[in-house]
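Down below is the structure, laid out as structure tokens.
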Amino acid sequence: MLLELIVVSVIAASTPLLLAAAGELVTERAGVLNLGVEGMMIMGAACGFAGAYFTDSTLLGALCGIAAGAALAAMFAALTLGLAVNQVATRLALTIIGIGISGLIGAGFVGERITPAPHLALPGLSALPFVGSVLFGQDAFVYCSVLLILAIRWFLYRTRPGLVLRAVGDNHASAHALGYPVLRIRLLAVLFGGGCAGLAGAYLSLAYTPFFTAGMTAGRGWIALALVVFASWRPLRLVAGAYLFGAVTILQLHAQGAGMGITPQLMAALPYLATILVLVAISGTRRMAGSTAPASLGVPFVPDR
Amino acid sequence: MRKVLIAAAAMLVASVGAASAQGKTKVGFVYVGPIGDFGWSYQHEVGRRELVKALGDKIETTYLENVNEGPDSERAIEQLARAGHKLIFTTSFGFMDATAKVAKKYPDIKFEHATGYKRDKNLATYSGRFYEGRYIQGQIAAKMSKTGTLGYIASFPIPEVISGINATMLGAQTVNPNIKVKIIWVSSWFDPGKEAAAAKALLDQGADVIMQHTDSPAAMQAAAARGKFAFGQDSDMIKFGEKSQLTSITNNWAPYYIARTKAVLEGTWKTGDVWGGLNSKYVVMAPYTNMPDDVKKAAMDTEAAIISGKLHPFKCPIVAQDGKTVECKGGANLDDGQILSMNYFIKGVDDKVPGAK
């Protein structure tokens, strides 16, 4: 019974990380380092909440969140792809803008309420012990995150456009020489990443804790960034990473509640500690390190004319 | 006309230039969080707005939000001082050293620092006796709990939080001597996701009344979703748990802000240290809701007794976790210094204070 409740909490805590990291994975696979996940996420949270507030629809709210994340990503793309400005500096600046604007947009909604995202209820199935609530009782965002990962995996490894996207990320000069529109592909990848981050933010303000307050993402965007590295740019490893992180976060809370007497400061650091350990393990194993960073990651591309 | 400036470095510089000479006294506020946190900083902002309502024809106010504790805060405070503010409220514990430093440099400006202990000729301190509200909450919680286990979401093991847990348990023990409390430290003042997860974990483990010393309404919402009871924090969170909120300790800074600003206008301002509680209405209990009439009556009686001074939550003897009786420095109760430096749990709390030997 307790295990079931814990698993449900873990899935809920992991989903925003998975959604945001999935988008960033595609962006980075195309060779663009977008450090602004946190900013795009909080924009998604603010606009998603605003959308749901006015329309009373979780779906429309989520779409607003996606659009907001993508809009901020478009700004980033204009600067880094169009003008070849330094990606790291631009993105940090835009994160700060995102946090500021979201606070401004959200200011009118602080203390307001919306109907939380509905959870799936399948007659019969949802009532099953354990699997009922874990598999058939989640909200739409959770299923969406799983489908998203499967779709990304299929796209990157099983389709021609996916191959082209990876080629752009690994060697943009060659891809350009072969006649592929490097900047256009990167633009689409950046927009996709922004949309996913916006969706992750919308999940926070619509489903996880259905309200908006400034700064409510509380650093989850940065964790999503780390998860992409953790997963060595592989979609399925990303799932493992996100759920591991979510599990450690939730389990440490339960350990405290059960009075296990471990210092909470150490507990709070555990998820990050676990991340570092796994990173060391990955880079220590030659075979696992097979897929490393896209070769052109973070390098601006300026086509010769 | 009031001038509201957002805390961005560029704007800060602009504010110096924009210092207008309309003959109105300028009053500045420095907030640690966004005014949209629906908690600590939000309540200070509510106090500022009340101040403008009351004295708007004589004063002009400025606030800076999201100011980091540390070196940044010194710059922010000094900018306000240079821009001609005559009275400056700095509203977070971490602004203490910066406020003291700037106060030394500008002896003609009056400074007010919330929750600190450093004072000067032109630097006063103020805070709220939140533990009084926690004692009442403890009594209510013990009466409402069916499992006899309370869930407590804590931020950091500092005296204010520890004394809050102790006051809660002292109140709860008057109802049920065997009451248990499960404590989860989330190591943050504000992380809605984590606060919600902590509330769920506590409920999963059998706690059926949730209380918090963190700032967002996430825990209230999590309790509401499970049909369990909870207490709000800083502001009235009834909207987030119409059938769950029992009451909420709300911070009410307006009376202090208005009184101190009036004192500056009239030239009667003096430094000091004000620690106001239910008595002076700095701490106000939100309406007692979702409880039977007898519980409500008991809560109101306790509140009245605290206000009249008949009841002190830290009435001696206080027995610490290790079984030793705490020295009683305040006569019939612990003195303020002892409450402000509390670093031990009382008997009946099973948990350990993090970091304590």
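Here the structure is a predicted model, which means the values were calculated and not measured. Here is the naming used below: chain letters follow the sequence lines, and residue numbers restart at 1 for every chain.
Neither the backbone nor the side chain of B/D350 comes within contact range of chain A; no heavy atoms are under 4.5 Å apart. For A/L5, the parts sitting under 4.5 Å from any heavy atom of chain B are the backbone and the side chain alike. At a 4.5 Å heavy-atom cutoff, B/V181 makes no contact with chain A through either its backbone or its side chain. For B/I184, the parts lying near chain A are the backbone and the side chain together; criterion is any non-hydrogen pair under 4.5 Å.
Heavy-atom contacts from other residues, nucleotides or ligands closer than 6.0 Å to OH of B/Y31 number more than 12.
The side-chain contact (heavy atoms from CB on, under 4.5 Å) search around B/F156 returns B/I158, B/S187, B/W189, not counting sequence neighbours.
Scanning residues 230-240 of chain B against chain A with a 4.5 Å heavy-atom cutoff picks out B/K239, B/F240, ordered by number. The interface of residues 197-205 of chain B with chain A, defined by heavy-atom distances below 4.5 Å, comprises B/A197, B/A198, B/K200, B/A201, B/D204, B/Q205. Annotation: residues 207-220 of chain A contacts chain B through A/Y208, A/T209, A/P210, A/F211, A/T213, A/A214, A/G215, A/M216, A/A218, A/R220 [non-hydrogen atoms, separation under 4.5 Å].
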